[in-house]
Amino acid sequence: MACSPVNAKSHFHARSNSLPSRPHPLVPQINEHLFRLKASEATASSSIRNNINGLSDLYDLVNNLLLLPNTQQALAQECNGKQVDEMLDRSLRLMDMCGTTKDALIQIKEDTKELESALRRRRGGESRLAHEVGEYSVSRKKANKAIRRSLRVLKTCSCPENETIAMISILREVEGVTIAVFESLSSYLSGLKAQSKQSRWSLVSKLMHTKRITYEAEASGTNEFKTVDAELYSLIGNKSSKSTFLNPENVQNMLGKLESCTQDLEGGLESLLRRLIKTRVFLLNILSH
């Protein structure tokens, strides 16, 4: 049966030698972090960034728990071969998901810079803008495909519903929250629905015939990608073949803010990736003896 992304009830109470009979002070702290992350509804870069930072703090607690002699001894003694392989495999997949997402954000950031540059120079006319908007849209689409692929692999891996080893139960709860945060990040990056494959010119044509979404309407929202998309629709939809760009400063300002948001998210993912690597190293050291 597929693992639930976030279990409704924690299994930390399971009787097992992998944690002391009286919970270590780290366990309530882990529970508290899990509760906050599960309750969060992240839609803007600031809230998603906070959740990513929250995951880093959560993995710090988990790694400290893995350093306890009682935890190490119990895991080494109680885990069978299948459980060992599963834990190591899933820790590797979490690292891959985080690394893939970070690389995708780097590419989006670079294409955002190119789009900013095209608007600032105003050279190349409509064809130049169409090219850069196309590259920007393709990057977004690729990023989401990569994240969704990693999420799908993790969520379809089988695992038992009732785990009797408490530390494994904790790791699965943490993994479930991690998946939920990355799903929020994927939805955030989606913004407006990705464009299907088409020529640069048909992309511009579609934008010009799409109902205008004003910046003021989008400003009340919380998704920076949606705001930039709305500005692009507004900009191209109001550009005639003989006119200059209509108020491109708005788009440049929003792209600058989006670039900054992307940079912050990238930094958060880099920090999280270091924690995930450390978790895997601890598990390898514990389970290889």
[X] versus [Y]: any side-chain heavy-atom pair under 4.5 Å?
X      : Y      : result
Arg49  : Ser46  : yes
Ile168 : Leu75  : yes
Leu265 : Thr101 : no
Val27  : Asn31  : yes
Arg280 : Leu284 : yes

Applying salt bridge (charged side-chain N to carboxylate O under 4.0 Å, His left out), can you list everything that pairs with [X], at least two apart in sequence or on another chain?
X      : answer
Arg148 : none
Arg149 : none
Glu270 : Lys102, Arg274

Inter- and intrachain pairs under salt bridge (charged side-chain N to carboxylate O under 4.0 Å, His left out), touching residues 23-37, at least two apart: Glu32-Arg36

Please list all pairs meeting salt bridge (charged side-chain N to carboxylate O under 4.0 Å, His left out) that have one or both residues in residues 54-73, counting only residues at least two apart or in different chains.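 Checked against salt bridge (charged side-chain N to carboxylate O under 4.0 Å, His left out) - neighbours excluded - the pairs reaching residues 54-73 are Asp60-Arg275.
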
Note: Arg93-Glu175 ion pair, threshold 4.0 Å (strictly below): no

Can we say Lys82 and Asp89 salt-bridge, meaning some charged N sits less than 4.0 Å from an Asp/Glu carboxylate O?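 No, no charged N to carboxylate O under 4.0 Å.
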
Nearest 0.5 Å, what's the [atom1]-[atom2] distance between [X] and [Y]?
X      : Y      : atom1 : atom2 : result
Leu258 : Asn253 : CG    : CG    : 12.5 Å
Tyr136 : Glu116 : OH    : CD    : 10.5 Å
Thr71  : Ile170 : OG1   : CD1   : 8.0 Å
Ile48  : Ser187 : CD1   : OG    : 8.0 Å
Leu92  : Met95  : CG    : CE    : 6.0 Å
Leu37  : Thr178 : CG    : OG1   : 8.0 Å

Spell out, as yes or no, whether a donor-acceptor pair under 3.5 Å connects the side chain of [X] to the backbone of [Y].
X      : Y      : answer
Ser150 : Ala146 : yes
Gln73  : Asn70  : no
Ser271 : Gly268 : no

Work out which heavy atom in [X] is nearest to a heavy atom in [Y]; give both atom names and the distance.
X      : Y      : value
Glu78  : Ile165 : OE1-CG1, 3.6 Å
Leu94  : Leu276 : O-CD1, 3.7 Å
Ser186 : Ile147 : CB-CG2, 3.9 Å
Met87  : Cys79  : CE-SG, 3.6 Å
Asn51  : Ser40  : ND2-OG, 3.0 Å
Leu65  : Leu26  : N-CD1, 3.6 Å

For [X], side chain to side chain contact (heavy atoms under 4.5 Å, CB included) partners two or more places apart:
X      : result
Leu67  : Asn64, Gln72, Phe282
Cys261 : Ser45, Tyr188, Glu224
Lys142 : Val138

Please assess Gln252 against Lys257 for the test side chain to side chain contact (heavy atoms under 4.5 Å, CB included), listing each intermediate value before the final yes or no. CA-CA 9 Å; Gln252 288 178 250; Lys257 292 178 182 179; over 6 Å; no

Residue list, side-chain hydrogen bond (donor to acceptor under 3.5 Å, both in side chains) with [X], at least two apart or on another chain:
X      : result
Glu114 : none
Glu259 : none
Thr100 : none
Gln263 : Lys109

Are Ile106 and Ile52 co-members of a hydrophobic cluster defined by side-chain heavy atoms under 4.5 Å apart?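 No, separate clusters.
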
Does one hydrophobic cluster hold both Val62 and Phe35, with members joined at side-chain heavy-atom distances below 4.5 Å?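 As far as the 4.5 Å side-chain criterion goes, Phe35 and Val62 are not connected within one cluster.
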
Do we see a donor-acceptor contact under 3.5 Å between the side chains of Asp103 and Gln107? no

Checking side chain to side chain contact (heavy atoms under 4.5 Å, CB included) for the pair Phe225/Ile108: CA distance, chi angles, key distance, verdict? CA-CA 11 Å; Phe225 278 100; Ile108 290 175; 4.1 Å; yes

Start with the C-alpha gap between Thr279 and Leu283, add the side-chain angles, then the distance that decides, and say whether side chain to side chain contact (heavy atoms under 4.5 Å, CB included) holds. CA-CA 6 Å; Thr279 301; Leu283 288 173; 4.2 Å; yes

Pick out which of Val177, Val174, Leu58 makes a side-chain contact (heavy atoms from CB on, under 4.5 Å) with His33.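 In the set Val177, Val174, Leu58, the residue that makes a side-chain contact (heavy atoms from CB on, under 4.5 Å) with His33 is Leu58.
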
